[in-house]
Amino acid sequence: MADQFPAILVLAPLFGALLLGLVGDRDHRLCLPVVAASLGTSLYAAVGLLRRVLAEGPVNYFLGGWEEPLGIGIVLRADSMNTPVLVLVAAVALLVACFSRRPAGARDSEKSPQYYTLFLLLCTALFGITITADAFNLFVLVEVSALSSYGLVAIGSSRRCKIAALNYLIMGTVGASFYLLGTGYLYLSVGSLSMPDIQTILASNEAAASSRAVRTAFVLMLVGIWIKMAFFPLYGWLPNAYSYCPSATSSLLAPLMTKVSVYVMVRVMTGVFGLDWIFGHLGWNHLVVWFAVVAILAGSILALAQRELKKMLCYLIVAEVGYMVGGAWLGDAGSWGLTGALYHILADGLMTLTLFLAAGIFAKRLGAIEIGDLSGLFRKMPLVSVGFVVAGLAMIGVPPTCGFFSKFYLIRGGIESGQWGYVVALLVSSLVNAVLFFRIFEIAHFGKNPPEGHAHHGESEGEGHEAAIARVAVPAHALAPLLLAAAGIVLLGVFNGPVVDFLRESLPAASAAAPAP
Amino acid sequence: MSFESFAIGVGVALLVLMLPAIYRIVAGPTALDRIVAVNIIGTKTAVLLVVIGVVFGRVEMFVDFALAYALLNFTGSIAAARYLHRAKQAHAKTTAPPTTGKPAEP
Amino acid sequence: MAEFLWKTIGHHFNFWVYIVLLMLGLWATIAKNNLVKKLMGLSIFQSAIILLYVSIGTKEGATIPILDHHGHIPSESHHADVGPEIAAHGVANPLPHVLMLTAIVVGVATLGVALSLVQAIYRDFGTVEEDELLREIKSLHPDG
Amino acid sequence: MIFSLLGGLLIVAGLVFFFGAALGLLRFPDFYSRMHAAGKGDTLSSLLVVIGFALHELHDFSSFTHDWPTILVILKLSAIVVFIFLTSPTSTSALMDAGWEDGVEPVIEPGRPNVLRDDTEAR
Amino acid sequence: MILSLNIVLLVFLVVAAVISLGVKDLLSGSMVLGIYGFLICLLWAEMGAVDVAFTEAAVGAGVSTVLFVATILNTKRRSTD
Amino acid sequence: MNAKVSATIAVIITGAVLLYGVADFPDFGDPTSPANAGVEGGAPSASLHFINESYKETKVPNLVTSVLADYRGYDTMFETVVIFAAGLAIFVILRNLRSDDPLPEPLPATEDRFIDGDHQRIIVGTTCRIAIPLVQIFALYVVAHGHHSPGGGFQGGVMLGASFILVALGGNLRDALARLGEDTFMRLASLGILIYAAFGLVPQFLGRNFLDYGVLEKIFLTDGPEMARSHSMLGVEVGVALTVMSIMFAIFANLSSRGEMRGGL
């Protein structure tokens with residue numbers, strides 16, 4: 001059983017999805033138990049895998065039993081870099097499944113079996129992306145995740161979500177195609193698709209490592225992944241796609257899709273090309289850091305300009321992606337930047353989850369789409385506010401939360417590599433986050449009733465009456481995930497030491513001598 | 001001259017003789033002229049697959065999908081013909097394109 | 001003359017054409033105004049990538065990657081009567097073909113989803129031209 | 001050998017017919033006449049070329065009795081012939097009709113009445 | 001691979017791609033995209049990738065043109081560019 | 001205009017990057033290039049292993065089939081999942097389950113088959129009626145014979161789907177849906193992947209890794225794991241064909257009728 005964990009992890013949601021595809025539309029009440037059971041199995045397998053990696057180091061799983069010679073079959077590989085991400089994906093998916101008990105725009109509630117099937121397929125794909133060690137298999141799984149997320153985005157009832165989904169589709173396909181193109185260039189120059197195999201060849205064969213085709217391959221793969229993760233100049237699809245889709249969808253996509261893409265980038269950097277190759281053969285890692293600086297600043301400034309809560313969060317994601325890309329490309333001697341980026345994947349996943357869950361609850365219970373609609377929030381729903389405030393503080397970077405520690409590691413990497421621009425950008429972004437969230441907190445605490453212009457949003461019972469700001473009941477299935485995620489933020493912050501130690505086990509440069517920047 | 005090079009010659013000749021069809025595609029005053037050209041090129045594709053099979057010396061492999069092609073390549077033309085019928089019916093029914101979500105039922 | 005041309009152009013001709021097709025497709029995907037046209041560009045873009053892969057797997061004078069019924073490399077290929085390593089050069093590389101089967105089917109699936117989105121957009125907005133859509137959205141949400 | 005030669009002749013004949021079809025496609029004045037040239041010439045030439053290759057595959061008379069794989073190939077090639085003969089005229093017919101529905105006007109010699117149009121309108 | 005066919009097909013392919021992207025009538029465009037599919041199928045057959053060519057034959061001849069035509073029926077035939 | 005200029009610039013940059021890479025490519029058709037034979041001084045590439053060994057290991061002459069369904073079977077399974085996801089996404093996007101007006105109950109047959117007394121329908125309809133069974137039989141042959149000739153689940157599945165599309169084009173969509181209803185094809189699509197995954201799952205219960213078909217020799221009672229792999233590949237291809245057929249038809253049915261499942265092309 002234990003040695004089948006890598007396969008079970010991926011297969012449990014797949015079988016759940018197939019089961020729903022077969023019998024889901026007979027009885028809609030079947031959906032949620034199936035989703036919960038399969039994701040629970042995945043979570044169990046992920047935690048089991050984590051413990052196994054903790055005990056005995058990286059685990060390889062040879063699909064089809066094709067072990068020898070390396071590279072003829074497909075290998076799943078779990079190591080200390082991806083098992084935390086797997087646990088994160090499983091946990092977030094489970095929480096969102098719980099949250100989305102009545103999913104997907106009431107208009108189309110008869111499509112909920114299909115919604116949940118796509119949901120499970122997306123989870124399958126994310127697990128697969130994270131655990132695979134084959135460059136082409138990654139592409140196939142990226143396409144699975146992409147197609148299911150197009151469906152999940154387009155299920156929304158707003159008219160604009162279709163346009164957003166089409167835009168997302170075109171950008172996503174172009175991004176995946178660029179990745180495929182890069183894989184083609186790489187395959188052409190080294191003749192293999194298995195990630196460890198490619199790394200061995202590139203490390204041992206100078207002619208292959210220095211060829212132009214390999215460099216082009218790297219650039220193409222990177223651009224493809226950047227499109228997928230909405231790195232700064234290529235972020236155009238993200239805000240609309242994430243803010244016009246149903247809140248259950250956005251709270252699944254926003255924490256996971258970009259983070260898993262960042263993980264893929266780190267994987268491609270460390271597991272395919274190798275940090276030595278990147279910082280040795282390519283002279284432009286500083287340029288990427290500067291791009292990241294621009295991304296952070298632009299994301300923050302654009303977030304300041306937004307009036308809608310979800311849109312603001314989307315632009316914050318763009319800024320956070322800048323954090324992680326910049327951290328991964330710092331190339332400092334101790335790999336602290338990379339550590340920070342990996343840690344920030346986990347941290348940002350939890351923070352984004354909490355914020356989007358909260359935004360979903362606000363939209364549903366208060367009809368609050370814009371920031372101005374949140375007045376009196378703290379008194380209307382105090383428990384939700386607690387979660388929201390914790391996540392907001394984490395975004396700003398207040399000490400006990402994980403947001404502080406990820407920024408700490410990132411800044412340490414920035415200082416050690418001498419990238420002062422990046423450090424300044426991080427600080428500025430924290431400042432902007434502080435401004436943003438304290439503005440919301442102020443409205444939520446002191447805010448009067450909404451101005452006339454926003455009265456048309458008021459669908460809930462708590463709004464529109466002058467006198468009493470009544471408590472708005474939030475059902476447990478929506479509240480519990482939020483609070484759990486908020487608790488996760490604090491816990492991840494408190495126990496940052498062991499997590500970081502574990503993550504650093506897999507970083508080649510962290511233990512060996514550092515490459516010259 | 002071996003039969004193989006004869007077959008290559010036939011293949012190239014077929015391709016070159018497709019040029020008028022391609023001219024028709026570029027110039028063709030109506031969409032139908034283009035569809036005719038597509039039809040011709042589709043049929044010739046099935047033939048060319050046989051030719052390529054002969055050149056490789058393994059007709060038994062190529063004949064399978066030449067057959068599939070011969071069976072399927074009229075789908076496109078029929079779809080286009082159906083389209084023109086349907087579009088005319090829709091036009092006859094209402095001059096404006098339907099925007100209300102109702103399909104153009106006959 | 002022919003030899004010279006082949007040396008300079010022929011060696012990489014496939015790769016050049018693939019770049020041309022890819023640029024055409026990408027340009028159409030980004031710049032065309034009509035959504036259906038964009039999708040046509042997208043499918044050309046994807047097929048250009050497939051062209052790259054299939055070109056990678058080609059071998060001069062090789063036959064198709066199907067052995068005869070006894071598992072031998074077919075005698076029509078030019079390298080059949082030598083050692084196994086060289087004989088393998090008489091069969092085209094099957095791996096890119098496998099990968100591209102995947103990519104073709106993925107392409108059709110994406111095309112289907114994209115076309116359905118186009119139809120849904122037409123149902124909601126009555127147009128499939130990008131500039132008209134933008135104008136429509138602007139008139140709906142003057143501030144956003 | 002005799003089959004190979006016969007096959008070569010048929011293939012050349014097919015190319016000649018295809019040349020005719022191409023010429024017609026290039027030179028004829030209106031859609032209907034182009035369609036006529038294309039439909040007939042194209043179908044016939046395809047048939048001839050495929051039959052030619054089938055004959056070439058059939059090396060000599062003994063193939064009929066012994067060489068089962070070859071006979072299978074010949075059968076499949078004949079099937080291609082049958083299907084082209086079936087589908088190509090169908091699509092030609094469908095397209096011709098669609099053109100008529102679509103209102104493509106035939107080019108009529110000056111002074112001649114458009115009998116076809118009158119016919120349909122009378123019907 | 002058959003070099004002479006290869007080069008001719010590649011040139012035709014570019015021509016077909018340019019035409020299908022340039023035509024303003026979407027019905028014509030999708031039909032020309034069908035031709036593009038035929039040619040690319042031939043190209044793959046000629047490069048020895050029979051299975052890929054078979055898939056493209058089935059998809060290109062049977063499905064993708066029809067999908068485009070169906071969409072054009074349900075939207076508009078004219079494109080502005 | 002601005003969009004066109006920026007698009008042109010982006011495309012030119014892409015093209016330049018690609019050209020930069022192409023300069024170092026091995027020659028077109030070079031059998032000793034890294035992809036075909038492995039890097040110099042390194043191990044031979046995987047493709048040489050496939051060409052030299054895969055018949056011994058799987059007893060399948062068509063190398064593409066053996067690599068597709070066995071060595072990289074995991075990829076192929078997810079490729080099928082991609083199609084399934086596409087079918088679901090289209091359903092979610094386009095399918096209109098709440099049609100306001102009820103189905104126009106069975107139209108009289110004449111109006112159904114011959115629109116406006118259209119004799120054209122007779123020709124096309126008859127040809128389709130002749131061609132469709134042949135397409136289907138041939139598609140089944142393609143699925144089953146994929147081990148020895150080009151073909152397999154995808155090709156056969158697409159042809160099967162195309163045959164149902166032909167039913168719709170030759171008659172109308174209702175005829176096609178009467179043969180392959182919406183409930184049926186959405187279930188068949190899941191069933192296909194389920195068949196595939198089951199072939200992978202059974203080895204897990206027998207103590208091996210996912211998709212390790214070799215161990216199925218105990219179930220198929222073959223002599224040796226090679227034939228077991230060969231048989232399993234056939235089963236897997238059937239699964240693929242089911243899913244592909246259903247989803248291809250599902251895509252057509254939804255797209256041609258705007259998700260109404262009536263009228264249409």
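Numbers restart at 1 for each chain; the letters A, B, ... are given by sequence-line order, proteins then strands.
With B:Arg24 contributing its side chain and D:Leu25 its backbone, the two residues share a donor-acceptor pair below 3.5 Å.
Evaluation of the side-chain contact (heavy atoms from CB on, under 4.5 Å) rule for D:Ser91 yields B:Asn39, B:Phe74, B:Ser77 as partners, not counting sequence neighbours.
Per-residue heavy-atom pair counts under 4.5 Å with chain B were compared for D:Ile80, D:Leu72, D:Val73, D:Val12, and the maximum is reached by D:Ile80. Contact count against chain B (heavy-atom pairs under 4.5 Å) is highest for D:Leu15 among D:Val49, D:Val50, D:Leu15, D:Leu23. Contacts with chain D were tallied for B:Ala27, B:Gly76, B:Ala70, B:Gly42; B:Ala70 has the most, counting heavy-atom pairs under 4.5 Å. With chain D as the partner, the residue from B:Ile40, B:Val50, B:Val47 showing the most heavy-atom pairs under 4.5 Å is B:Ile40. Among D:Arg34, D:Lys76, D:Met96, D:Met35, the residue making the largest number of heavy-atom pairs under 4.5 Å with chain B is D:Arg34.
Contacts between B:Val63 and chain D at a heavy-atom distance below 4.5 Å involve backbone atoms as well as side-chain atoms. Contacts of D:Thr92 with chain B are made by both backbone and side-chain atoms, with heavy-atom separations under 4.5 Å. Heavy-atom distances place the side chain of D:Phe53, and not its backbone, under 4.5 Å from chain B. For chain B, the nearby part of D:Ile11 is the side chain; its heavy atoms alone come within less than 4.5 Å.
Interatomic distance, CD of B:Glu60 versus CG of D:Leu77, reported as 10.5 Å (0.5 Å rounding). To the nearest 0.5 Å, atoms CH2 (D:Trp100) and CG (B:Leu84) are separated by 15.0 Å. Summarising the geometry, atom CG belonging to B:Leu32 is positioned 4.5 Å from atom CZ belonging to D:Phe31; distances are rounded to the nearest 0.5 Å. One distance of note links CG of B:Leu71 with CZ of D:Phe83; it measures 4.5 Å at 0.5 Å rounding. The OG1 atom of B:Thr43 sits 10.0 Å away from the CG atom of D:Leu47 when rounded to the nearest 0.5 Å.
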